[in-house]
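One structure is given here, and the rest of the page talks about it.
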Amino acid sequence: MDAPSFGWIKCNTDGAYDEISGTNGAGYVMRDFSSKPSFCASLVFEVKSTEETEAKAIWAVLKKALEQQLTHIIVESDSKTLIDQFSAGLFDRDSRTNVIFKDIQLFSSKLVACIFNFQPRVCNSVAHELAQWEKTNNASMYWSVPPV
């Protein structure tokens, strides 16, 4: 994973969903220009699809970015379909994901700059592992890395 430019925060996200059991997990990692993680999370949501889980991971990281008063965000996900939708501002899916998409649009509009990038899973391995852990353990966890 390449480090973002100075002043930017890169947020790698991933979601995992089991179609049979309905178990899910989402994870994200926020990193600054030095590639040092500043915040990580492993979350579980009430969702009904893989797409919804991936979207909720992005929703969660943008919500955290606003809470932390961050201004310049790069969101990276291995869900090319979602990244293409967010980049184009097209949010015409089913009613469950449409609500999430509208929140993502609102959250991203409150930032000075927000870029959505597709990254293959190999570039999002930490977020992927967090999502898989969450899917198995069903217990949300947050980690904050103190500044040095």
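Checked for salt-bridge contact, Lys63 and Glu67 meet the test: a charged N lies under 4.0 Å from a carboxylate O.
Closest approach of Asp18 and Ile20 over heavy atoms only: OD1-N, 2.8 Å. Nearest approach of Ala65 to Ile73, heavy atoms of both residues: CB-CD1, 3.8 Å. In terms of heavy atoms, Asn24 sits closest to Val44 at O-CG2, 3.5 Å. The minimum heavy-atom distance linking Leu62 with Val75 is given by the pair CD2-CG2, 3.9 Å. Contact record, Asp14 with Ala57: O-CB, 3.5 Å, taken as the closest heavy-atom pair. Across Ser77 and Ser79, no two heavy atoms sit closer than the pair OG-N, 3.0 Å.
Distance CG/Asp103 to CG/Asn98: 10.0 Å, rounded to 0.5 Å. The structure places CZ of Phe107 at 11.5 Å from SG of Cys114, a figure rounded to the nearest 0.5 Å. We find the CZ-OG distance between Phe101 and Ser108 to be 12.5 Å, quoted to the nearest 0.5 Å. Note that CD of Glu76 is 5.0 Å distant from CG of Asn12, once rounded to the nearest 0.5 Å.
In this structure, the side chain of Ser5 does not engage the main chain of Phe33 through any donor-acceptor pair within 3.5 Å. A donor-acceptor pair under 3.5 Å links the side-chain atoms of Thr53 to the main chain of Ser49, judged by distance alone. Without hydrogens or angle criteria, Glu54 side chain to Thr50 main chain gives no donor-acceptor distance under 3.5 Å.
Residues Trp8 and Leu111 do not share a hydrophobic cluster, clusters being chains of Ile/Leu/Val/Met/Phe/Trp/Tyr side chains in contact below 4.5 Å. Val99 and Ile58 are members of different hydrophobic clusters when ILVMFWY side chains are connected at heavy-atom separations under 4.5 Å.
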Report the C-alpha distance between Ile83 and Gln85 in whole Å, list the side-chain angles of each, state the deciding distance to 0.1 Å, and finish with yes or no for side chain to side chain contact (heavy atoms under 4.5 Å, CB included).
CA-CA 5 Å; Ile83 293 301; Gln85 286 176 304; over 6 Å; no

The test is side chain to side chain contact (heavy atoms under 4.5 Å, CB included); show your working for Leu82 and Glu51 and say whether it passes.
CA-CA 8 Å; Leu82 287 180; Glu51 181 181 59; 3.6 Å; yes

| field | Full working for side chain to side chain contact (heavy atoms under 4.5 Å, CB included) between Lys10 and Met30 | value | CA-CA 6 Å; Lys10 187 177 283 191; Met30 301 171 92; over 6 Å; no

- Please assess Tyr28 against Lys64 for the test side chain to side chain contact (heavy atoms under 4.5 Å, CB included), listing each intermediate value before the final yes or no. CA-CA 10 Å; Tyr28 66 79; Lys64 178 52 75 177; 3.4 Å; yes

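Between Trp59 and Phe45, the ring planes lie perpendicular to each other; the angle is over 60°, past the 30° to 60° tilted range.
Put simply, the side chain of Ile9 does not reach to within 4.5 Å of the side chain of Pro4, judged on heavy atoms. Contact of the Lys56 side chain with the Ile100 side chain is registered, since non-hydrogen atoms from C-beta on lie closer than 4.5 Å. Annotation: side chain of Thr81 is not in contact with side chain of Phe118 (no heavy-atom distance under 4.5 Å). Between Ile115 and Asn117 the shortest side-chain heavy-atom distance falls below 4.5 Å.
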